[in-house]
Amino acid sequence: GFLTTLESFQDFELQFDTKVDWPFDSGVFLRTGPTGKSHQVTIDYRPGGQIGRIYCPWTQSVVHNCPDGIKHFKKDAWNHFRIICQGEPAHIKVWLNDVLITDFQHTAKTTANIPTQGTISLQVHPGGAGYEKSRAMFRNIIIKEL
């Protein structure tokens, strides 16, 4: 499931707060095309999950890991994200609670077949057995075109 914008964006800054139960598999999709191809910033708050990983669904899969992102995620609290997506190939920066956790410059290879503009989507994803009672909440969503 996605909660998505109606408008498409190319270069932008996105800010929001999220509160995610343990365990949960969530994320933010950037420049989402009609088939779901996009850049995903993961909010995988679960065993083996990463917060701030860059995943490209239906194309390259994982293109950037962020094993330390989860260290900056506050359990049972609202967490503030700031994401900048700019340029082509895309340069994606992610701050979690004012700490830069991801600074990833795509190459032509890692961004191949991903739209240069598209919607922004918040993901709520079932994630497997044991997750059915977990929830992800989002608030204070601000999008600024660059």
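Here the structure is a predicted model, which means the values were calculated and not measured.
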How far does OG1 of Thr110 sit from CD1 of Ile54, to the nearest 0.5 angstrom?
10.0 Å
Could you see if Val20 belongs to whatever hydrophobic cluster contains Met137? Use Ile, Leu, Val, Met, Phe, Trp, Tyr and a side-chain cutoff under 4.5 Å.
no
For Gln117 and Ser8, the nearest pair of non-hydrogen atoms, with its separation, is NE2-CB, 4.4 Å
Would you give the length of the straight line joining atom CD of Gln105 to atom NZ of Lys93, rounded to the nearest 0.5 angstrom?
10.0 Å
Going from CG on Leu3 to CD1 on Ile120, what distance comes out if it is rounded to the nearest 0.5 angstrom?
11.5 Å
Could you walk me through whether His106 and Gln60 pass the side-chain contact (heavy atoms from CB on, under 4.5 Å) check?
CA-CA 11 Å; His106 269 285; Gln60 286 69 256; 5.9 Å; no
Does Phe29 form a side-chain contact (heavy atoms from CB on, under 4.5 Å) with Thr4? I'd like the steps, not just the answer.
CA-CA 9 Å; Phe29 284 55; Thr4 189; over 6 Å; no
Does either side chain, that of His80 or that of Asp17, offer a donor lying less than 3.5 Å from an acceptor on the other one?
yes
Is there a path of hydrophobic side-chain contacts, each under 4.5 Å between heavy atoms, that joins Val99 and Trp78?
no
Minimum heavy-atom separation for Thr35 to Trp58, with atom names?
O-CE3, 4.0 Å
Heavy-atom closest contact (Phe104 atom, His91 atom, distance):
O-CD2, 3.2 Å
To the nearest 0.5 Å, tell me how far Ile83 CD1 sits from Gln15 CD.
10.0 Å
Looking at Ile43 and Ile51, what are the two nearest heavy atoms and their distance?
CA-CG1, 4.2 Å
To the closest 0.5 Å, what do you measure between CG (Asp76) and CG (Asp21)?
7.5 Å
Has Ser26 got a side-chain atom pairing as donor or acceptor with Gln123's backbone, closer than 3.5 angstrom?
yes
Leu30 and Ser38: CA distance, side-chain angles, deciding distance, side-chain contact (heavy atoms from CB on, under 4.5 Å) verdict:
CA-CA 6 Å; Leu30 314 174; Ser38 62; 5.9 Å; no
Counting distance only, does the side-chain N/O of Glu13 pair as donor-acceptor with the main-chain N or O of Arg82 below 3.5 Å?
no
Walk me through whether Leu122 and Ile141 qualify under side-chain contact (heavy atoms from CB on, under 4.5 Å).
CA-CA 10 Å; Leu122 303 176; Ile141 302 165; 3.6 Å; yes
Under a single-linkage definition using a 4.5 Å side-chain heavy-atom cutoff for Ile, Leu, Val, Met, Phe, Trp and Tyr, are Ile114 and Val41 assigned to the same hydrophobic cluster?
no
CD1/Ile84 to NZ/Lys144 distance, rounded to the nearest 0.5 angstrom?
8.5 Å
In a check of side chain to side chain donor-acceptor pair (under 3.5 Å) between Arg53 and each of Asn65, Thr102, Thr42, which one passes?
Asn65
Note: Gly52 and Ile101 closest approach over all heavy atoms is CA-CD1, 3.9 Å
Does Asn97 use its side chain to pair, donor to acceptor, with the backbone of Asn79 at less than 3.5 Å?
no
Thinking salt bridges, do Arg31 and Asp11 make one under a 4.0 Å N-O criterion?
yes
Common cluster, Val62/Val94, ILVMFWY with side-chain heavy-atom separation under 4.5 Å:
no
With a sphere of 6.0 Å drawn around CG of Asp98, does it hold more than 12 non-hydrogen atoms of other residues, nucleotides or ligands?
no
Just wondering, do Tyr55 and Ser61 contact through their side chains at under 4.5 Å, heavy atoms?
yes
At their closest point, which heavy atom of His39 faces which heavy atom of Cys56, and how far apart are they?
ND1-SG, 4.4 Å
Kindly say whether Ser121 contributes a backbone atom to a donor-acceptor pair with the side chain of Thr119 at under 3.5 angstrom?
no
Parallel, tilted or perpendicular: which describes the rings of Phe73 and Phe81, with under 30° parallel and over 60° perpendicular?
tilted
Membership question, hydrophobic clusters at under 4.5 Å side-chain separation (ILVMFWY): are Trp95 and Ile70 in the same one?
no
